[in-house]
There are 2 protein chains.
Amino acid sequence: MDDEKRGDGRLLRGRRTREAVLESAVALASVHGLDGLTFARLAEHLGVSKSGLFAHWKDKERLQLDAVGWARRQWTEHVMGPALRAPAGVRRVFALHEARLAFYAGGALPGGCFFLAAQTEFDDRPGAVRARLAESLHDWLGFVRSLLDEAVTLGELPAGLDTGQLAYEIDALGESTVVHARLVGHDLTYARARRAVLERLRGLATDPAVLPEG
Amino acid sequence: MDDEKRGDGRLLRGRRTREAVLESAVALASVHGLDGLTFARLAEHLGVSKSGLFAHWKDKERLQLDAVGWARRQWTEHVMGPALRAPAGVRRVFALHEARLAFYAGGALPGGCFFLAAQTEFDDRPGAVRARLAESLHDWLGFVRSLLDEAVTLGELPAGLDTGQLAYEIDALGESTVVHARLVGHDLTYARARRAVLERLRGLATDPAVLPEG
DNA sequence: AAAGAATAAGTGCGACCGGTCGGTTTTATG
DNA sequence: CATAAAACCGACCGGTCGCACTTATTCTTT
């Protein structure tokens, strides 16, 4: 991460290609998994030679770690970002859930969800990759919880609410969307995931009217 | 499936070894995925030669399909079975959820959940394996729903309840347990998953007293 | 005792894997 | 314009994969 020796087009170009490669890497990993993220596959997908990739990542683990980092950037931009543009409180919580579903439904990642694929693969394989994935999940749950805490502070959710518990539920209802959408049906699944969280929040909110009806 | 040519111990023995192999195959696949279920790995794990396995399954896909079938048998026995021994109605629904959590927590499968691993791997790979996984998920959701319908019929859940919706929620809250337990913490995760479904059912039940309190 | 199927084992092939190496092109700097 | 650094490439290595083919060995039925 020590790029940017001002005005050096070589480094700039290098960074651009790195990011372009990572964009593809995350997309490929969402389909084939982080283990199926092969240098050969990645190179072919980009129309690039395999060895050219080794100039940027000395081994596969580095590539995997950077892919996790890039997936987090994507997630921050496309899921957390839109939520933060909604009014704070219970509406922001629901906006977060909807942004997540929109991100899945939008098909930005052909495999559905990078993190689900990576976590199910690495949750039982000790190492740096697992550690970063665990950290990612921890941070994500912390973010959901922080929005819930905010809603409590604003008085839109009841005081004393177990926000950690609710954060788990919201995450679970969003996450299982990925597989269900592809194996059961997209529209039906997203409708159910949306409704589940909406009804849950409406049931808890001090003023359910601020949330959409259906 | 044309075993059992009356009294022929060879076929019987063949079936037994097949089942022993499948038991290991499902366990291995829960860790390394259905793709990571290689003949070499399976043979080594069993202390058997690779070629001996080819006598039973001519190619990898056959093995994968049979592994799915065996995982379904396990699931039927260890998750659906205990539930059916609980009194019908809302208690049976919750017993199903608890049996699932117990199955996960019991560590019968070292990788946590065969189906989650397999589904996230194959949900975007057309083929026979995906088809069987989709069928498995469909049947499972249908089973959950049937228990819910039963509870409605018994008057323990309100008439007009969208049981398909609730079945999705219950499945989601159970499924995300697998990854969370390993990356966040076992006890905390199972407690949350248990509580989430319990509270949901208690909120809907015409007589919440039939369900446990905490 | 003979026959024959089920099971096990060895061997080899082509494909692909992660990774290395030597060399060429591009780019900023003196 | 020379040079060095970075980006990039083609060829290649050792290893493992799925899988076929061939050859024993074990067990059951006749």
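As the structure is a computational prediction, the values presented were derived from the model and not from experiment. Chain A is the first sequence line, chain B the second, and so forth, proteins listed ahead of strands; every chain is numbered from 1.
Between the side chains of A:Thr163 and A:Tyr168, not a single donor N or O lies within less than 3.5 Å of an accepting N or O. Side-chain atoms of B:Glu199 and A:Gln165 form no donor-acceptor pair, as typed in the model, at a separation below 3.5 Å. Using modelled atom types, one finds no donor on one side chain facing an acceptor on the other under 3.5 Å when comparing B:Asp35 with A:His32. Side-chain N/O atoms of B:Arg100 and B:Tyr104 include a donor and acceptor closer than 3.5 Å.
Rounded to 10 degrees, the angle between the two end axes of the helix from C:dA1-D:dT30 to C:dG30-D:dC1 is 0°, with five pairs used at each end.
When the C1' atom of D:dC17 is taken as reference, atom NZ of B:Lys60 falls 8 Å away, rounded to whole Å. Summarising the geometry, the separation between CG on B:Asp59 and C1' on C:dA15 is reported as 17 Å, rounded to the nearest angstrom. Following rounding to the nearest Å, B:Asp35 (CG) and D:dT16 (P) show an atom-to-atom distance of 18 Å. In this structure, A:Leu63 atom CG and C:dG18 atom P are separated by 9 Å, rounded to whole Å.
The phosphate of D:dC8 (OP1 or OP2) has a side-chain N or O of A:His56 nearer than 4.0 angstrom.
Taking the six-membered ring wherever Trp is involved, the centroid distance between the rings of B:Phe114 and B:Trp70 does not fall below 6.0 Å.
The nearest pair of heavy atoms linking A:Gly36 to A:Glu121 is N-OE2, 4.3 Å. Nearest approach of B:Val178 to A:Asp123, heavy atoms of both residues: O-OD2, 4.2 Å.
Proximity of A:Asp124 to B:Pro110: side-chain heavy atoms (C-beta onward) are nowhere separated by under 4.5 Å.
Annotation: proximity of residues 37-55 of chain A to DNA chain D (heavy atom, distance under 4.0 Å) is found for A:Val48, A:Ser49, A:Ser51, A:Gly52, A:Ala55, numbered in ascending order.
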